[in-house]
Participant: 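I'd like to ask you about the structure that follows.
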Amino acid sequence: MSHQLPAIIFLLPLFAAISMPVVCLKNRHWSHPISVGTLVVMVLVSIINLYNVIHHGEIRYVFSGWSVPLGIEWVADGLASVILVLLSALALLGVVFSRTTSPKALGGRIVHYYTLVLLLISALTGIAFARDLFNLFVFLEVAAISSYALIGVAGGRALFAAFRYLVLGTLGASLYLLGVSYLYAVSGTLNMSDLAERLPLLLHSKALVGGLLFMFIGLGIKMALVPFHAWMPEAYTYAPDSVSPILASLVTKVALLAWIRIMYWVLNATIIINEIPILVMVAVLGALAAVIGATLALAQREIKMMFAYGGISHIGIILIGISQGNQTGFAGGVFYLLNDAVMQAALFFLAGVAYCQFGVRTVDDLGRIGKQAPWLIGFLVVVALGMIGLPPTGGFFGKWYIILGALEAGNYVSVAAVVVSTLLTLAYFVRLFEAIFRRGTTPMEVQVVEIPVSSKLTLGITSAAIIILGLFSAPIIQLLLDQAMPPRL
Amino acid sequence: MVEAFVAVFQRPNFLTFVIIFLWGFYIMVTRFNLVKKLIGMYLMQTSVIFFLVSISAKKGATIPVLLSTTEPVKAVNYANPLPHVLTLTAIVVGVATLGVGLALCAAIYRKYGSLDEQDILEKLK
């Protein structure tokens, strides 16, 4: 039974998504309990899967009995299993959160919303498991198409942002597919481990360099790496408040996971192709993203826009971590990825509550809620500590291990980039708190609104998770070092 | 220089692919009309599909169905079937993307009364 777990995890949200429009045709209010139930089961199954992988080793799942180089292979290894627990848990929180905001904000399209979210989750599961380059492309596209539709689901200004995302995202997907066909033309295989065996003999090939370049540019567009990030802030800012936490915390991170897979599982990342050292290149890209993203965040007036740019800078920090070429840096990068997903979810939950309950969209208006909702400010302080990276939170330990890895590799530019990005993050959160605690702001005239329990619950859980990830960072890092390392690191 | 040109013209399929891809990209970047942008995007996707099909072609090969079950299989005699399968999937993905794109266009037109990017950007301000 346990060897079927990857397929079960994938099929749960997929079947729920497919049956949703039929089941909820007459009874729209059923869609919420069905999605919550599905995702609760999915969280449990992913935890069982993680336990199973830790104790019995990775599961290699081959579809319909075709053996490996010919058939499509899924592997549930340590990295994928850890990411899946995170993915399903955050998706569950996002769906629970959407209870309060959705009927008003989604323009009545509740069934569409839940169907698309479940479809998105199943596609992201597929990306985490896939060990076949073309299979990865298909799931990247399913995830992307559901995100375009999710962003535009409520109409309004988000439509135009979703259209831009669609055009750029499709450009990225076409480039990725082009890269895959180059690699297939050179090597004659699509399976990642098979390709990894054949590549060392093909290093002189120009088609290999071109194909890898196209693939990395395509994935860079999908994960909002800095020169290609233009679609991301608008799309996440204007998306409905119940959509942006799920997108911001999961989609770009899972695309980053695909990048990590290709960098370490297909390529041996330490090799130098045609005098291009891949690790140095990725470290430079990461440093640029970390600094530029945080600088742009400092210049924003809208809260969600600021948080979206913060997410861009964190993608850069994760890339710095995984590009150090040693185990400490890699574990730190993956640990920071987990933290960043939780923090982005918490930030966009906060932004959603601030808009839905208090009507606040910009940083300057934040002062109006300071007195009204001290608990909201409390959650914001915890998330801010995590984003800046101060000790009791997971963000600190993630950055700590990334810097340790960079020092181990003697890569001082990376250390400087992480420190500069941290200072800039500190700067924009200081700006946020300055707006909240500024004196002389007129108190809000709106009557006190009752905050729904589900909002408090999701905010509480994500804030607690940020601190728990920090307190238990040592065992988690040890787990990543034992289970989630690439084969040749 | 001459050798490079000769090499390019010996592979007209690659040349065609590059021309269609860049043409689509050019339309996507320069046109303000959203539907034209989608047309450019679809051209670009189609060019990649064309590339995939063209790398699987062989001179003198036939469709990948075994001619005889008794003789040993010679791979030279058959076209490579795998890129065609990938192509089918890529076409489906492209159609789905185009469908979502057109739906977004229709919604944008209903809301802003225009499909011109500059008009819409002005109305957004």
Side-chain angles (χ1 to χ4, degrees), chain A residues 69-70 72 107 112 116 119 132-135 137-186 188-190 207 211 214 218 234 238, chain B residues 14 17-18 21 24-25 27-29 31 34-35 37-38 40-56 75 80 82-83 85-87 89-90 92-112 114-115 117 119-121 123-125:
Chain A
L70 291 178
I72 294 170
H112 305 59
L116 287 168
L119 199 60
D132 180 284
L133 289 176
F134 191 77
N135 203 231
F137 163 77
V138 173
F139 285 121
L140 273 174
E141 273 310 85
V142 176
I145 291 171
S146 357
S147 355
Y148 311 144
L150 266 178
I151 290 170
V153 76
R157 190 158 181 188
L159 286 172
F160 195 59
F163 185 83
R164 283 194 163 169
Y165 178 21
L166 180 134
V167 170
L168 270 174
T170 309
L171 175 65
S174 303
L175 288 174
Y176 178 81
L177 180 60
L178 185 60
V180 171
S181 46
Y182 269 48
L183 287 197
Y184 179 72
V186 175
T189 182
L190 290 169
F214 284 134
E234 279 205 355
Y238 301 123
Chain B
F14 292 178
F17 154 71
V18 170
F21 187 92
F25 188 68
I27 295 175
M28 213 174 83
V29 173
R31 304 294 140 154
L34 299 185
V35 175
K37 270 185 196 293
L38 279 184
M41 187 190 93
Y42 199 67
L43 261 183
M44 208 175 64
Q45 283 181 310
T46 314
S47 74
V48 178
I49 291 167
F50 172 79
F51 178 78
L52 257 176
V53 173
S54 77
I55 58 171
S56 76
N80 185 352
L82 196 117
V85 182
L86 303 188
T87 300
T89 318
V92 173
V93 167
V95 168
T97 317
L98 195 67
V100 175
L102 286 173
L104 283 175
C105 275
I108 289 174
Y109 187 76
R110 273 199 296 274
K111 183 159 170 62
Y112 297 103
S114 164
L115 279 176
E117 194 181 17
D119 278 2
I120 297 168
L121 282 178
K123 279 177 190 163
L124 282 178
K125 273 175 191 166

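Just so we're clear, the structure is a prediction, and the values are computed from it rather than from any experiment. Values reported hereafter were calculated over all heavy atoms of this structure, with side chains retained and with hydrogens, waters and symmetry mates removed.
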Participant: Which heavy atom in A:I145 sits nearest to a heavy atom in B:A96, and how many Å separate them?
Facilitator: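 Smallest heavy-atom distance, with atoms named: CD1-CB, 3.7 Å.
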Participant: For B:I108 and A:L159, work out which heavy atoms get closest and say how close.
Facilitator: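 Heavy-atom minimum between the residues: CG1-CB, 3.7 Å.
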Participant: Which atom pair, heavy atoms only, marks the closest approach of A:T170 to B:Q45?
Facilitator: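 A:T170 and B:Q45 have their closest heavy atoms at CG2-NE2, 3.2 Å.
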Participant: Going by heavy atoms in the side chains, are A:L175 and B:F21 under 4.5 Å from each other?
Facilitator: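 They are in contact (side-chain heavy atoms under 4.5 Å apart), so the answer is yes.
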Participant: Among B:V93, B:T89, B:T97, B:I49, which residue has the highest count of heavy-atom pairs closer than 4.5 Å to chain A?
Facilitator: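 Max contact count across the listed options: B:T97.
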Participant: Minimum heavy-atom separation for A:Y184 to B:P83, with atom names?
Facilitator: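 Smallest interatomic distance, heavy atoms only, reads CE2-CG, 3.7 Å.
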Participant: Do other residues, nucleotides or ligands put more than 12 heavy atoms under 6.0 Å from the OH atom of B:Y112?
Facilitator: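 More than 12 within 6.0 Å, yes.
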Participant: Between OH of A:Y238 and CG of B:L124, what distance do you get to the nearest 0.5 Å?
Facilitator: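 Rounded to the nearest 0.5 Å, the OH-CG separation comes out at 8.0 Å.
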Participant: Mind checking the CZ-CG spacing from A:R164 to B:L34? Nearest 0.5 Å is all I need.
Facilitator: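 A:R164 CZ to B:L34 CG: 9.5 Å, rounded to 0.5 Å.
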Participant: Would you call A:L171 and B:M44 a side-chain contact if the rule is heavy atoms closer than 4.5 Å?
Facilitator: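 Answer yes - side chains close enough.
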Participant: Check A:L177 against B:A90 and note the closest heavy-atom contact, atom names and distance.
Facilitator: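 Reported closest heavy-atom pair: CD2-CB, 3.8 Å.
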Participant: Can you see which heavy atom on B:V100 is nearest to which on A:A149, and at what distance?
Facilitator: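 Result for this residue pair: CG1-N, 4.4 Å.
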Participant: Pick from A:A173, A:S174, A:G188: which one has the most heavy-atom pairs with chain B under 4.5 Å?
Facilitator: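 The residue among A:A173, A:S174, A:G188 with the greatest pair count is A:S174.
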Participant: In Å, rounded to the nearest 0.5 Å, how long is the span from CG of B:L86 to CZ of A:F134?
Facilitator: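 Answer for the CG-CZ pair, B:L86 versus A:F134, is 4.5 Å.
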Participant: Do B:L38 and A:L166 come within less than 4.5 Å of each other through their side chains, counting heavy atoms only?
Facilitator: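 Heavy-atom side-chain distance check passes, below 4.5 Å.
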Participant: Counting heavy atoms not belonging to B:F50, are there more than 12 under 6.0 Å from its CZ?
Facilitator: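 Atom CZ in B:F50 is crowded, with more than 12 foreign heavy atoms closer than 6.0 Å.
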Participant: Would you check if A:F160 and B:K111 make a side-chain contact, meaning some heavy-atom pair closer than 4.5 Å?
Facilitator: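 In short, these two side chains do not touch, never coming nearer than 4.5 Å.
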